[in-house]
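Sequential numbering from 1 along the given sequence is applied to the chain's residues. In each ligand, atom 1 is the first atom listed, and ligand 1 is the first ligand listed.
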Amino acid sequence: MESPLVVASNRGPISFDVGEDGELIERRGSGGLVTALSDVFLRDDITWISSAMTDADVGVAQEGRELMVEPGLRARFVLIPEERYGAYYNRIANQILWFAHHCLWDIARSPRFDDDTKHDWRAFVDVNRAFAQTLDQEEDEPVFLVQDYHLCLVPEMLRDLRPDAKIVHFSHTPFAAPMYLRVLPVEMRTAIVRGMAGADIIGFQSRAWGENFLLSAQGLAGVHVDQRRGRVDLDGRRAFVRTFPVAVNAGSLRGTAARPDLKATAKEIASWRGDRSMLLRVDRLEPSKNILRGFLAFELFLSRYPAWQGRVKFLVLLSPSREDLDEYRTYGEECLAQAKRINGEFGDDTWEPIDVRVQEDYEYAVAAYSNYDALIVNPVYDGMNLVAMEGPLVNRRQGVLILSRNAGAYGRLGKHALPVNPFDLSETADAILQALEMPPDERARRARGLSRSVQAHTPATWLTDQLEAVDAVRPPMIGR
Ligand code: G6P
């Protein structure tokens, strides 16, 4: 019999708000992790444990209600006091760990760690412990699937509570190279690496991130690393580093795109585009996505190749993200200001070069996918990047993918995409030109290659590969 699964992540598959009349409104969770995982867990024995993020979630958690997201998928919230949650999620996870793993600091000036950081870190440790304790309440012998940097300390804590537990930790993000991880206070850096190494399997989206982890582990006292075999030995135990790239569910995405309402939206977007070419970007509005340099590269393209002025429209769909934090808000404002400036310089009454929409509307993005001639995905660093995989599945114009070499998706899609160094505006401007002027037969060939490469992997294998990996190091007991 298959082991039951217990998933732990900060953001869960379900969240609540209170409506105007006091009624509970149920929302599906959003973001890369939930999108990627929701398609995977179509089994009948899953418990998904996540933070209570809204006041309504807290209410639901206090009532101790069991939530069925779908048949076979139970959800539970971990209750975290508000002040502690702010320190754990906003300050440590989003301001520090996100920035570390995506190399986002302006390193000559920031970060600066002080006593407040120490205080926030203690809250982070407490929240991770609360998760570990909640997981420990689960009966039977499940496989624990712990997700992402928010919960990087959970594997070691759970191991202490349950030495024989089967634990997988999976990072949806990159993992910082050792030199950059060393920016973190030593206590934090050591705890992160040791914490993750409490798992049996430490999973990453791409080999490069796993290698970074191993290099950092190698520097720690009492830890022995076999880089080639991806093994970490510590505290008399062994953990294995493995790669499990996430995949998108082609059938369900295409099903969504084929809905009559989305087809109608796609038609509206086609008439908005008219006989011009269309460049598209779809992202969360946050600094790792490199939206600002994307605009500057587009500006350079327009000034370097003026024949394209008036002949291309850049549709930019951005979903708001982590707006409570200055770094994210200021970055968003800067992006919008640059787009406005570029429109002022190049546009006129008949043509607005960049059309930015800040909206949480996944379905609109899916409708836009069908229409682009070129899709730009140029993150500074990205664990995987689902947009790069979703676009080619739905696009109907043999659109070209411009893809950062620093996105995890590059490993799978790079040879069919136009590669860019995300910091190189000149190369990116030329890639835009090359994409828009590519001859039809080459476009068709690359589009076919992209679509095939995306479909070569399914969300189900992402999960089964992890379960097989954990069984390979801890075989299931027969006869239970
Ligand atoms: C990335 C992380 C996910 C996270 C998502 C959205 O994809 O890897 O763990 O869910 O961003 O971020 P948020 O802070 O809104 O949950």
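- The atoms of ligand 1 that sit less than 4.0 Å from any heavy atom of Y89 are 13 (P), 14 (O), 15 (O), 16 (O).
- The aromatic rings of Y381 and W209 stand perpendicular to each other, their planes meeting at an angle above 60°, with 30° marking the opposite boundary.
- Aromatic rings from F295 and F298 are positioned such that their centres are separated by 6.0 Å or more.
- Atom numbering of ligand 1 starts at 1 in the shown order; those under 4.0 Å from a heavy atom of H172 are 8 (O).
- The N/O atoms of R284, backbone and side chain alike, include one that comes under 3.5 Å of an N/O atom in ligand 1.
- Remark: Y372 engages no residue in a side-chain hydrogen bond (donor to acceptor under 3.5 Å, both in side chains) (not counting sequence neighbours).
- Atoms of ligand 1 lying under 4.0 Å from at least one heavy atom of W98, given by number and element, are 1 (C), 2 (C).
- Residue Y149 has no nitrogen or oxygen atom sitting less than 3.5 Å from a nitrogen or oxygen atom of ligand 1, judged on distance alone.
- Distances between N or O atoms of T173 and those of ligand 1 include no value under 3.5 Å.
- Heavy-atom contacts of D148 reach the following atoms of ligand 1: 2 (C), 3 (C), 8 (O), 9 (O) (cutoff under 4.0 Å).
- Using modelled atom types, no side-chain atom of N10 and backbone atom of H150 make a donor-acceptor pair closer than 3.5 Å.
- Looking at F170 against ligand 1, nothing comes within 4.0 Å, counting heavy atoms.
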Item to complete: Determine, step by step, whether R329 and D324 satisfy the salt bridge (charged side-chain N to carboxylate O under 4.0 Å, His left out) criterion, reporting the C-alpha distance in whole Å, the side-chain angles of both residues, the deciding distance to 0.1 Å, and the verdict.
Response: CA-CA 7 Å; R329 239 191 356 256; D324 288 347; 5.8 Å; no
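- With ligand atoms numbered from 1 in the order given, ligand 1 contributes 9 (O) to contacts under 4.0 Å with heavy atoms of H150.
- With sequence neighbours excluded, the residues that form a salt bridge (charged side-chain N to carboxylate O under 4.0 Å, His left out) with R27 are D17.
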